Amino acid sequence: MKVLNKSFFERDTAEVAKDLIGKILVRRFGKKLASGRIVETEAYYGEKDPASRAHGRKKFRAKWKECGKTFIYMVHGNWLLNITAHEKGKVGAVLIRALEPLKGIELMRKNRGTSEILDLTNGPGKLTQALRIDKSLNEKSVTSKQSEIFIADGIKLKISSSHRIGVKKDLRRKLRFFAVDNPFVSRKS
DNA sequence: AGGAAGATCTACT
DNA sequence: GTAGATCTTCCTA
């Protein structure tokens, strides 16, 4: 299993978001691993993006400086998982919106309290529940196999794009990317 | 103290 | 498929 290195994340945020489709998100529990294929992402920019957490907030902009790190925060009672990714001198992060469960499915079932596989990780708040991701994993590097959370190379999937979901003030650009015809994508269009 | 935030679940038409 | 309650942390007053 090949782990993505830091340079992968040091590119334009939307490019990284698109390229993350088909990659494998791995969660380490000591020696045990749980994993899922990334099938849906969204790109968030900094000051020019009104929907971004970094918008108008110096504190976050400073934290986003380094690429390839987790950025986790709570919205409506759900933890959402982002990975910082941007070109040098810019600001941006990629939100992981949905996974296709690969390993550790039993564990995910337990964490989610449902046996329905399609319902385990088909949403940003759901996948963090399934993989037990919360604030304690904030600002961890995802570029090392030893990390509690990291991203490995995967396969190429057919990708489509759309506008972001749930944001009040979206940009004109389409910044959501998802795998075509994958049942784990949270929404069709 | 109050409200907003990248959502989810349930209960209906 | 839509509508409403509820979820928990952080930011602003």
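In the text below, chain A, chain B and the rest are named by the order of the sequence lines, each starting its count at 1. The shown structure was predicted, so the numbers you read here are calculated from the model rather than taken from an experiment. Only heavy atoms go into these numbers, but all of them, side chains included; no hydrogens, no water, no symmetry mates.
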cation_pi(A/Arg164, A/Tyr44) dist<6.0 Å, angle<=45
yes
Aromatic contact, A/Trp79 with A/Tyr73 (centres under 6.0 Å):
no
Can you tell me if A/Ser186 and A/Glu40 form a side-chain donor-acceptor pair at under 3.5 Å?
yes
Strictly by modelled atom types, are A/Ser115 and A/Arg109 linked by a side-chain donor-acceptor pair under 3.5 Å?
no
Where does C/dG4 land, syn or anti, given syn is within 90° of 0?
anti
Going 5' to 3' along nucleotides 6-13 of chain B, which nucleotides have protein heavy atoms under 4.0 Å from the base (write B), which only from the sugar-phosphate (write S), and which from neither (write -)?
BBSS----
Atom CD in A/Gln129, atom CZ in A/Arg112: separation rounded to 0.5 Å?
4.5 Å
Gap separating the CZ atom of A/Arg176 from the CG atom of A/Asp170, nearest 0.5 angstrom:
11.0 Å
Can you list the stems that include DNA chain C, where a stem is three or more consecutive Watson-Crick or G-U pairs with distances under 3.5 Å?
B:1-5 with C:8-12, B:7-12 with C:1-6
Evaluate the side-chain proximity of A/Val3 to A/Ile151: yes if any heavy-atom separation is below 4.5 Å, no if none is.
no
Please report the interatomic distance CZ(A/Arg53) to CG(A/Leu95), rounded to the nearest 0.5 Å.
11.0 Å
